[in-house]
Amino acid sequence: IRLVAYGLLDSREKKINAQIHLELVNLKTAKGSDTRLTGLRHLAELYWELVYTGLAQGDLRDHALLQSLSYVNEALLLAPLDTGLWFLKGRVLHKMKRYEDAYQIFGMAIAHGFPESRVLPYIVEIAFNRRDYRTVRDLLSRISILQVTPRMKGAIRYWVGQGANGGVPPAKGIGP
């Protein structure tokens with residue numbers, strides 16, 4: 001089973017890398033700004049996919065994040081109102097643990113019309129990393145009215161006041 005899984009992952013990684021190579025070639029010959037924007041977006045998304053799927057690890061992961069950030073920044077120069085690009089940039093910065101930058105970019109995504117419900121989980125995590133537990137609780141109460149995964153429901157139940165500590169995380173090593 002392990003060999004089959006490895007083969008599938010290797011195949012997926014090769015496919016993404018082939019798509020990256022193709023997009024790089026296409027980008028070099030792109031004539032119009034729309035074609036260039038499409039190529040930049042695809043490259044940013046492909047490099048992000050390597051990270052998101054866990055195919056890139058260590059230094060390769062860092063390189064993929066930097067490449068994704070570079071291409072999304074170039075794409076935003078051509079399409080500064082594109083909410084999907086702002087969201088992707090926020091996710092990349094978040095994954096790079098540049099939480100304050102990510103927070104600002106997520107705000108830009110929302111300001112340009114990206115659905116707040118898709119951004120809130122990231123903002124909650126940023127607030128948690130800041131140890132701003134009141135904001136965590138407040139944001140999770142806003143998320144609680146949305147359709148969320150069972151795992152998220154448990155976190156919401158805990159943080160919104162139904163947990164043992166009323167939304168204050170337990171001491172290290174002590175479970176809820």
Side-chain angles (χ1 to χ4, degrees), residues 5-130 132 135-136 139-140 142-143 145-149 151-152:
Y6 176 77
L8 291 172
L9 290 174
D10 187 52
S11 172
R12 181 69 183 136
E13 182 181 5
K14 285 180 182 175
K15 184 178 177 185
I16 293 171
N17 283 324
Q19 290 174 310
I20 288 171
H21 178 72
L22 180 63
E23 286 297 335
L24 287 170
V25 169
N26 290 341
L27 191 59
K28 287 180 184 177
T29 61
K31 301 253 190 267
S33 62
D34 287 344
T35 306
R36 184 162 175 72
L37 174 61
T38 300
L40 292 168
R41 177 191 310 277
H42 286 165
L43 284 166
E45 290 169 347
L46 289 166
Y47 277 108
W48 170 250
E49 188 175 349
L50 284 173
V51 174
Y52 184 75
T53 57
L55 293 172
Q57 301 289 322
D59 290 341
L60 182 59
R61 177 186 179 274
D62 295 341
H63 173 73
L65 285 168
L66 289 172
Q67 290 297 105
S68 183
L69 184 60
S70 174
Y71 288 118
V72 80
N73 282 335
E74 278 191 69
L76 279 167
L77 292 174
L78 296 173
L81 301 178
D82 188 310
T83 61
L85 289 173
W86 285 109
F87 182 59
L88 177 58
K89 182 175 180 175
R91 291 173 73 191
V92 171
L93 290 168
H94 185 267
K95 190 62 89 171
M96 294 171 88
K97 298 185 190 275
R98 291 176 49 187
Y99 298 122
E100 295 309 313
D101 293 335
Y103 180 81
Q104 296 296 321
I105 296 303
F106 287 138
M108 292 292 293
I110 293 168
H112 286 82
F114 197 80
E116 184 184 49
S117 61
R118 297 215 21 227
V119 177
L120 282 177
Y122 295 96
I123 295 173
V124 167
E125 187 175 338
I126 291 168
F128 180 82
N129 288 325
R130 289 179 178 163
D132 182 359
T135 299
V136 170
L139 292 175
L140 284 173
R142 287 174 49 198
I143 293 174
I145 62 170
L146 306 172
Q147 187 174 10
V148 295
T149 64
R151 185 175 184 184
M152 189 69 159

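Throughout, numbering of the chain's residues begins at 1 and tracks the sequence.
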Minimum heavy-atom separation for [X] and [Y], please, with both atom names.
| X | Y | result |
| --- | --- | --- |
| E13 | L60 | OE2-CD2, 4.1 Å |
| R61 | A56 | CB-O, 3.4 Å |
| R41 | A75 | N-CB, 4.4 Å |
| V92 | S68 | CG2-OG, 3.4 Å |

* Please walk me through it: do F114 and W86 pass side-chain contact (heavy atoms from CB on, under 4.5 Å)? -> CA-CA 9 Å; F114 197 80; W86 285 109; over 6 Å; no
Kindly indicate whether the side chain of [X], heavy atoms from C-beta on, has any atom under 4.5 Å from the side chain of [Y].
| X | Y | result |
| --- | --- | --- |
| R142 | L139 | yes |
| D132 | V136 | no |
| Y103 | N129 | no |
| W48 | V72 | no |
| K89 | M108 | no |
| N26 | T35 | no |
| Q67 | L43 | no |
| R118 | T83 | no |

Can you tell me how far the [atom1] atom of [X] sits from the [atom2] atom of [Y], to the nearest 0.5 Å?
| X | Y | atom1 | atom2 | value |
| --- | --- | --- | --- | --- |
| L69 | E74 | CG | CD | 11.0 Å |
| L55 | K14 | CG | NZ | 12.5 Å |
| Y71 | L27 | OH | CG | 6.5 Å |
| L93 | L88 | CG | CG | 9.5 Å |
| L140 | F128 | CG | CZ | 11.0 Å |

* To do: Check the pair R36, L40 against side-chain contact (heavy atoms from CB on, under 4.5 Å), reporting the backbone distance first and the verdict last.
  => CA-CA 6 Å; R36 184 162 175 72; L40 292 168; 4.0 Å; yes
* What do the steps show when you test F106 against I126 for side-chain contact (heavy atoms from CB on, under 4.5 Å), and what is the final call? -> CA-CA 11 Å; F106 287 138; I126 291 168; 4.2 Å; yes
* To do: Determine whether more than 12 heavy atoms belonging to other residues, nucleotides or ligands lie under 6.0 Å from atom OH of Y99.
  => yes
* Qualifying residue for side chain to side chain contact (heavy atoms under 4.5 Å, CB included) with L37, from L78, L76, L77 ->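 Of all the options given, the one that passes is L78.
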* To do: Look at the side chain of T38 and the backbone N and O of D34, then say whether any donor-acceptor pair between them is shorter than 3.5 Å.
  => yes
* Quick one: sort the H63 and Y47 rings into parallel, tilted or perpendicular, breaks at 30° and 60°. => perpendicular
